[in-house]
Amino acid sequence: MLDILLVEDDRDLAATVMEYLELEGFRCDHADNGVTALKFGQDNDYDAMLLDLNLPRLDGLSVCQQLRADGNDVPILMLTARDQLKDKLEGFRAGTDDFLVKPFELQELVVRLLALTRRRSGQVKMLQCADLRMDLTAHEVTRAGVTLKVSPIGWKLLEALLRASPSALPRQKLEQAVWGEDAPDSNALKVHMHHLRKSLDGNADQPLLHTVAGYGFVIREPAP
């Protein structure tokens with residue numbers, strides 16, 4: 001079952017959408033203002049968010065921007081009565097993944113949601129695991145507040161691993177993330193992962209980068 005956060009201040013529309021989605025097998029939480037939506041988004045792990053653009057207390061663009069600044073990669077489908085290009089561009093700049101203009105067909109809503117939930121958002125600007133932070137805007141990697149030196153290839157590997165975390169990535173996907181279909185000999189990935197491990201974990205008490213034997217690599221928080 002997919003978990004969805006619906007953020008909509010029109011209670012009649014929200015009730016209709018929630019009823020339809022639940023019939024389609026989704027589980028829905030509802031927020032009717034931007035402040036509540038932001039708290040729900042920060043406190044819970046949703047498969048997707050339906051976010052109205054015009055909201056009381058905090059508008060949809062601000063909610064979206066704050067979630068992305070926090071490193072939240074939940075896919076966001078923004079609901080809007082505006083069908084203007086500039087409004088959509090503002091939404092994409094804020095970090096939304098898709099738009100649906102009101103009034104919309106509920107069947108189309110479900111199709112778009114299913115498409116979004118097959119992937120996490122690529123719009124996130126901050127990736128992190130434990131005390132490791134990767135700022136995609138400033139192009140900076142820090143661990144416990146200390147800036148780390150990461151090579152251009154190490155950067156690509158780290159971004160792919162953090163986007164997948166806490167799931168592991170197979171060697172083939174990591175090679176594709178860096179070299180596409182023109183991967184060099186099999187030893188190249190091993191060498192670059194060795195350098196990345198030294199950068200990330202060399203001066204840390206707890207390692208974050210782990211080898212998954214016979215499969216690939218993973219960045220994961222230390223066990224409590």
Student: With a 6.0 Å cut-off (strictly less than), is the heavy-atom count around CG of D43, excluding the residue itself, greater than 12?
Tutor: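 Yes, CG of D43 has more than 12 neighbouring heavy atoms, counting only those of other groups under 6.0 Å.
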
Student: From L200 CG over to L158 CG, what is the distance, rounded to the nearest 0.5 angstrom?
Tutor: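 It comes to 5.5 Å.
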
Student: Tell me, yes or no, whether the heavy-atom count around K102 atom NZ, taken from other residues, nucleotides or ligands under 6.0 Å, exceeds 12.
Tutor: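 It does: K102 NZ has more than 12 such atoms within range.
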
Student: Within the structure provided, determine whether F26 and M18 are in side-chain contact (heavy-atom separation under 4.5 Å).
Tutor: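 Not in contact.
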
Student: Could you give the distance from CG (N33) to NZ (K39), rounded to the nearest 0.5 Å?
Tutor: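 Answer rounded to 0.5 Å: 12.5 Å.
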
Student: Contact between L53 and L79 at the side-chain level, heavy atoms closer than 4.5 Å - yes or no?
Tutor: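 Answer no - side chains too far apart.
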
Student: Spell out, as yes or no, whether a donor-acceptor pair under 3.5 Å connects the side chain of S199 to the backbone of H195.
Tutor: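 Checked: pair present.
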
Student: Working note: W155 + M134, criterion side chain to side chain contact (heavy atoms under 4.5 Å, CB included); need CA distance, chi angles, decisive distance, verdict.
Tutor: CA-CA 9 Å; W155 177 276; M134 185 179 199; 3.3 Å; yes

Student: With a 4.0 Å cut-off on N to O distance, would you call K156 and E175 a salt bridge?
Tutor: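 Judged by the 4.0 Å cut-off on N to carboxylate O distance, K156 and E175 do not form a salt bridge.
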
Student: Mind checking whether L157 and H192 have side chains closer than 4.5 Å, heavy atoms only?
Tutor: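 In contact.
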
Student: For Q172, does the CD atom have more than 12 heavy-atom neighbours from other residues, nucleotides or ligands under 6.0 Å away?
Tutor: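 Result for CD/Q172: open.
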
Student: How far apart are the C-alpha atoms of Q42 and N72, what are their side-chain angles, what is the distance that settles it, and do they pass the side chain to side chain donor-acceptor pair (under 3.5 Å) test?
Tutor: CA-CA 8 Å; Q42 291 169 335; N72 194 316; over 6 Å; no

Student: Assess whether salt bridge (Lys or Arg N to Asp or Glu O under 4.0 Å) is satisfied between R112 and E105, documenting all intermediate values.
Tutor: CA-CA 11 Å; R112 288 184 183 238; E105 295 292 335; over 6 Å; no

Student: Measure the spacing between CZ of R68 and CE of M126 and express it to the nearest 0.5 Å.
Tutor: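 These two atoms lie 14.0 Å from each other.
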
Student: So do L38 and V35 actually touch side chain to side chain, heavy atoms under 4.5 Å?
Tutor: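 Counting from C-beta outward, V35 and L38 never come under 4.5 Å.
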
Student: Taking all non-hydrogen atoms of both residues, which atom of P207 and which atom of P222 are closest, and how far apart?
Tutor: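 Shortest heavy-atom contact: O-CG, 4.4 Å.
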
Student: Indicate if V191 and L148 have the same hydrophobic cluster label, given that clusters are the connected sets of ILVMFWY residues with side-chain heavy-atom separations under 4.5 angstrom.
Tutor: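 Cluster IDs for V191 and L148 differ.
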
Student: Answer yes or no: is there a donor N or O on one side and an acceptor on the other, between the side chain of D9 and the main chain of L55, under 3.5 Å?
Tutor: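 Absent.
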
Student: To the closest 0.5 Å, what do you measure between CG (L161) and CZ (R220)?
Tutor: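 These two atoms lie 11.0 Å from each other.
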
Student: Hydrophobic clusters join Ile, Leu, Val, Met, Phe, Trp and Tyr when side-chain heavy atoms are under 4.5 Å apart, directly or via other members; which others share one with V218?
Tutor: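 Traced through the cluster, V218 reaches V212, Y215.
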
Student: How close do A31 and L5 get, heavy atom to heavy atom, and via which atoms?
Tutor: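 Smallest interatomic distance, heavy atoms only, reads N-CD1, 4.3 Å.
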
Student: Does the salt bridge (Lys or Arg N to Asp or Glu O under 4.0 Å) test come out yes or no for E159 and R163, once each step is laid out?
Tutor: CA-CA 6 Å; E159 181 177 353; R163 287 192 184 278; 3.1 Å; yes

Student: I need the minimum non-hydrogen distance between A138 and D135, along with the two atoms involved.
Tutor: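 Minimum heavy-atom separation between A138 and D135: N-OD1, 2.9 Å.
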
Student: Heavy-atom count check: over 12 atoms from other residues, nucleotides or ligands less than 6.0 Å from E19 CD?
Tutor: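 No, not enclosed.
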
Student: Test your reading of the model: is there a side-chain donor-acceptor pair from D201 to the backbone of A204, 3.5 Å cut-off?
Tutor: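 No, the answer is negative, given that no donor and acceptor are paired below the 3.5 Å cut-off.
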
Student: Just by modelled atom types, is the F217 backbone N or O under 3.5 Å from a matching donor or acceptor in the T211 side chain?
Tutor: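 Checking the backbone N and O of F217 against the side chain of T211, no donor-acceptor pair under 3.5 Å is found.
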
Student: Looking at side-chain heavy atoms only, is the closest gap between T80 and D52 below 4.5 Å?
Tutor: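 With C-beta onward as the side chain, the pair stays apart.
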
Student: Nearest 0.5 Å please: distance from the SG atom of C64 over to the CD1 atom of I76.
Tutor: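 Between C64 SG and I76 CD1, I get 3.5 Å after rounding to 0.5 Å.
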
Student: With a 4.5 Å limit on heavy-atom distance, are the side chains of L50 and L113 in contact?
Tutor: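 Counting from C-beta outward, L50 and L113 do come under 4.5 Å.
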
Student: Hey, what do you get for CZ (F104) to CG (L77), rounding to the nearest 0.5 Å?
Tutor: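 The CG atom of L77 is 8.0 Å from CZ of F104, to the nearest 0.5 Å.
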
Student: Return the set of residues passing side chain to side chain donor-acceptor pair (under 3.5 Å) with R27 (not counting sequence neighbours), or none when no residue passes.
Tutor: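 Expected list: D3, D29.
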
Student: Verify the cluster assignment for L116 and L114: are they in a single hydrophobic cluster under the rule of side-chain heavy atoms below 4.5 Å apart?
Tutor: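 Yes, same cluster.
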
Student: R197 side chain to L209 main-chain N or O, any donor-acceptor pair under 3.5 Å?
Tutor: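 Judged by distance alone, yes, a pair lies under 3.5 Å.
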
Student: Any chance you could lay out the side chain to side chain contact (heavy atoms under 4.5 Å, CB included) test for Y46 and I4, step after step, and finish with the verdict?
Tutor: CA-CA 6 Å; Y46 293 105; I4 306 296; 5.8 Å; no

Student: Side chain to side chain contact (heavy atoms under 4.5 Å, CB included) between L51 and V63: does it pass, once the steps are laid out?
Tutor: CA-CA 9 Å; L51 180 61; V63 172; 4.2 Å; yes

Student: Return the minimal non-hydrogen interatomic distance between D98 and T96, and the atom names on each side.
Tutor: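 Heavy atoms of D98 and T96 come nearest at O-OG1, 3.3 Å.
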
Student: Could you walk me through whether L106 and L21 pass side chain to side chain contact (heavy atoms under 4.5 Å, CB included), step by step?
Tutor: CA-CA 8 Å; L106 292 171; L21 290 179; over 6 Å; no

Student: Does any part of the side chain of L61, heavy atoms only, come nearer than 4.5 Å to the side chain of M78, both counted from C-beta?
Tutor: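 Yes. Closest side-chain heavy atoms under 4.5 Å.
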
Student: Assigning hydrophobic clusters by single linkage (Ile, Leu, Val, Met, Phe, Trp, Tyr; side-chain heavy-atom cutoff under 4.5 Å), is M193 placed with W179?
Tutor: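 Same cluster: M193 reaches W179 through Ile, Leu, Val, Met, Phe, Trp or Tyr contacts under 4.5 Å.
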
Student: Got L132 and Q128 here, is their nearest side-chain heavy-atom distance under 4.5 Å?
Tutor: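 Contact flag for L132/Q128 side chains = no.
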
Student: Are there over 12 heavy-atom neighbours, none belonging to N203, within less than 6.0 Å of that residue's CG?
Tutor: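 No, the 6.0 Å shell around CG holds no more than 12 heavy atoms from other groups.
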
